[in-house]
Amino acid sequence: MAPMNRTIGLLAMFNPLLFTGVYLTMSAMRPEYSHLTKAISELGSVDAPRAWAWSVFGYIIPGLVVALLGLGVRKRFGPERGALLPGAALVLSGLLIALSGLFPGDFDNRTSPTMIVHTIGSLGSFVAFLVAAFSLPRIMRKAREWQPMVWPSLALTGASILTGFLRSGNAPGLGQRLGFACFFLWVALIGYALYRDPSPGARQTP
């Protein structure tokens with residue numbers, strides 16, 4: 001299991017780079033696209049050029065990597081009581097991100113089925129992430145290699161919540177992008193911890 005968890009950890013650390021690279025590339029192809037006023041999902045909306053590219057590389061693949069990270073966390077802390085909740089919540093968060101890619105947003109018809117499913121995927125993913133992020137530190141404290149990651153992970157979680165207050169006014173897109181940054185940095189942090197300490201039962205604290 002250790003080699004597999006190390007691979008998952010590497011993928012999780014690479015995930016922010018993938019998402020950011022695809023985001024910058026896709027947005028650069030659309031001179032009219034505003035980083036401050038447009039939603040990130042509009043890069044893959046039903047009427048967007050090359051929407052499939054954003055859906056696959058911006059949402060589906062990163063989402064599946066997050067789901068894999070949840071499986072890795074579950075395997076790493078399998079013997080620990082309470083390990084199921086953060087692992088399962090993280091798997092769900094990743095799958096809901098992928099669901100948002102499978103059902104692109106229709107921003108001209110917000111009551112359309114594809115837009116409703118897209119919204120459920122986006123909001124549900126964030127809720128599931130919060131469940132994982134707030135339940136994971138309790139078991140992280142039981143592993144020596146994971147302990148230094150506890151407070152940074154909680155700081156990123158808190159910051160992701162605070163970004164919600166920025167999603168209004170003249171630049172609602174700023175808050176969304178900062179929220180995504182907090183989320184993917186958290187994923188990379190947990191991936192780094194899993195890469196460093198991938199094996200079940202390794203280096204537990206007394």
Side-chain angles (χ1 to χ4, degrees), residues 7-70 90 93-108 110 114-115 117-119 121-126 128-130 133 152-153 155-195:
T7 300
I8 292 173
L10 283 174
L11 290 174
M13 286 188 282
F14 178 72
N15 220 19
L17 299 177
L18 171 63
F19 182 85
T20 302
V22 175
Y23 169 76
L24 292 176
T25 300
M26 296 291 295
S27 60
M29 295 179 180
R30 297 177 56 180
E32 84 287 356
Y33 183 81
S34 171
H35 299 281
L36 297 180
T37 61
K38 297 290 188 180
I40 291 176
S41 295
E42 292 188 52
L43 291 172
S45 61
V46 293
D47 59 347
R50 296 171 291 274
W52 68 269
W54 172 257
S55 295
V56 173
F57 297 103
Y59 272 162
I60 295 176
I61 292 178
L64 293 178
V65 171
V66 172
L68 280 175
L69 181 62
L90 200 51
S93 178
L95 292 179
L96 288 172
I97 294 173
L99 181 69
S100 294
L102 289 172
F103 291 86
D106 185 350
F107 291 86
D108 292 326
R110 294 179 180 269
T114 185
M115 186 65 182
V117 176
H118 178 83
T119 303
S122 297
L123 296 179
S125 174
F126 182 66
F129 156 68
L130 292 180
S153 71
L156 287 169
T157 305
S160 71
I161 296 173
L162 292 176
T163 62
F165 295 100
L166 301 176
R167 301 189 186 193
S168 60
N170 296 325
L174 176 62
Q176 186 191 34
R177 282 149 183 79
L178 290 175
F180 267 83
C182 291
F183 170 75
F184 277 108
L185 287 174
W186 184 92
V187 167
L189 180 72
I190 301 305
Y192 175 64
L194 185 64
Y195 177 79

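These values consider heavy atoms only, across backbone and side chains, with no hydrogens, waters or symmetry-generated copies. Note that this is a predicted model, so its numbers are computed, not measured.
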With rounding to the nearest 0.5 angstrom, report the [atom1] to [atom2] distance, [X] to [Y].
{"X": "Leu11", "Y": "Leu64", "atom1": "CG", "atom2": "CG", "value": "11.0 Å"}
{"X": "Phe103", "Y": "Thr119", "atom1": "CZ", "atom2": "OG1", "value": "12.5 Å"}
{"X": "Leu95", "Y": "Ile60", "atom1": "CG", "atom2": "CD1", "value": "11.5 Å"}
{"X": "Gln176", "Y": "Arg167", "atom1": "CD", "atom2": "CZ", "value": "5.5 Å"}
{"X": "Leu18", "Y": "Phe57", "atom1": "CG", "atom2": "CZ", "value": "8.5 Å"}

Which residues pass the side chain to side chain contact (heavy atoms under 4.5 Å, CB included) test with [X], not counting sequence neighbours?
{"X": "Phe184", "answer": "Asn15, Pro16, Phe19, Pro62, Phe180"}
{"X": "Leu96", "answer": "Leu92, Leu99, Ser125"}
{"X": "Ala51", "answer": "Ala48"}

Per the salt bridge (Lys or Arg N to Asp or Glu O under 4.0 Å) rule, what does the pair list look like for residues 7-24, sequence neighbours excluded?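 Non-adjacent pairs meeting salt bridge (Lys or Arg N to Asp or Glu O under 4.0 Å): zero.
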
Quick test of your reading: applying salt bridge (Lys or Arg N to Asp or Glu O under 4.0 Å), list the pairs with at least one residue in residues 38-54, sequence neighbours left out, ordered by first then second residue. Lys38-Glu42

Minimum heavy-atom separation for [X] to [Y], with atom names?
{"X": "Leu69", "Y": "Val187", "value": "CD2-O, 3.7 Å"}
{"X": "Ile190", "Y": "Ser153", "value": "CD1-CB, 4.4 Å"}
{"X": "Cys182", "Y": "Thr163", "value": "SG-CG2, 4.4 Å"}
{"X": "Leu194", "Y": "Gly9", "value": "CD2-N, 4.1 Å"}
{"X": "Gly191", "Y": "Met13", "value": "C-CG, 4.1 Å"}

Is the closest side-chain heavy-atom distance between Leu43 and Arg30 below 4.5 Å? yes

Within the 4.5 Å heavy-atom criterion, are Leu130 and Ser160 side-chain neighbours or not?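 Contact flag for Leu130/Ser160 side chains = yes.
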
Test item: side-chain donor near acceptor, Ser41 and Tyr59, under 3.5 Å: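 Yes, side-chain donor-acceptor contact under 3.5 Å.
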
Only pairs at least two apart or in different chains count here, so list each ring-ring contact (aromatic ring centres under 6.0 Å, His included) that has a residue in residues 30-50.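 Those involving residues 30-50 are Tyr23-His35, Tyr33-His35.
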
Begin from the C-alpha positions of Val117 and Leu102 and carry the test side chain to side chain contact (heavy atoms under 4.5 Å, CB included) through to its verdict. CA-CA 9 Å; Val117 176; Leu102 289 172; over 6 Å; no

Determine, stepwise, if the pair Trp54 / Ile40 fulfils side chain to side chain contact (heavy atoms under 4.5 Å, CB included). CA-CA 10 Å; Trp54 172 257; Ile40 291 176; 3.3 Å; yes

Check the pair Phe129, Thr157 against side chain to side chain contact (heavy atoms under 4.5 Å, CB included), reporting the backbone distance first and the verdict last. CA-CA 9 Å; Phe129 156 68; Thr157 305; 4.3 Å; yes

Asp106 and Ser45: side chain to side chain contact (heavy atoms under 4.5 Å, CB included), yes or no, with the steps? CA-CA 6 Å; Asp106 185 350; Ser45 61; over 6 Å; no

Does His118 use its side chain to pair, donor to acceptor, with the backbone of Pro104 at less than 3.5 Å? no

Is it the case that the side chain of Thr20 and the backbone of Leu17 share a donor-acceptor pair, with hydrogens and angles ignored and the cut-off at 3.5 Å?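 Not confirmed, Thr20 side chain does not pair with Leu17 backbone.
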
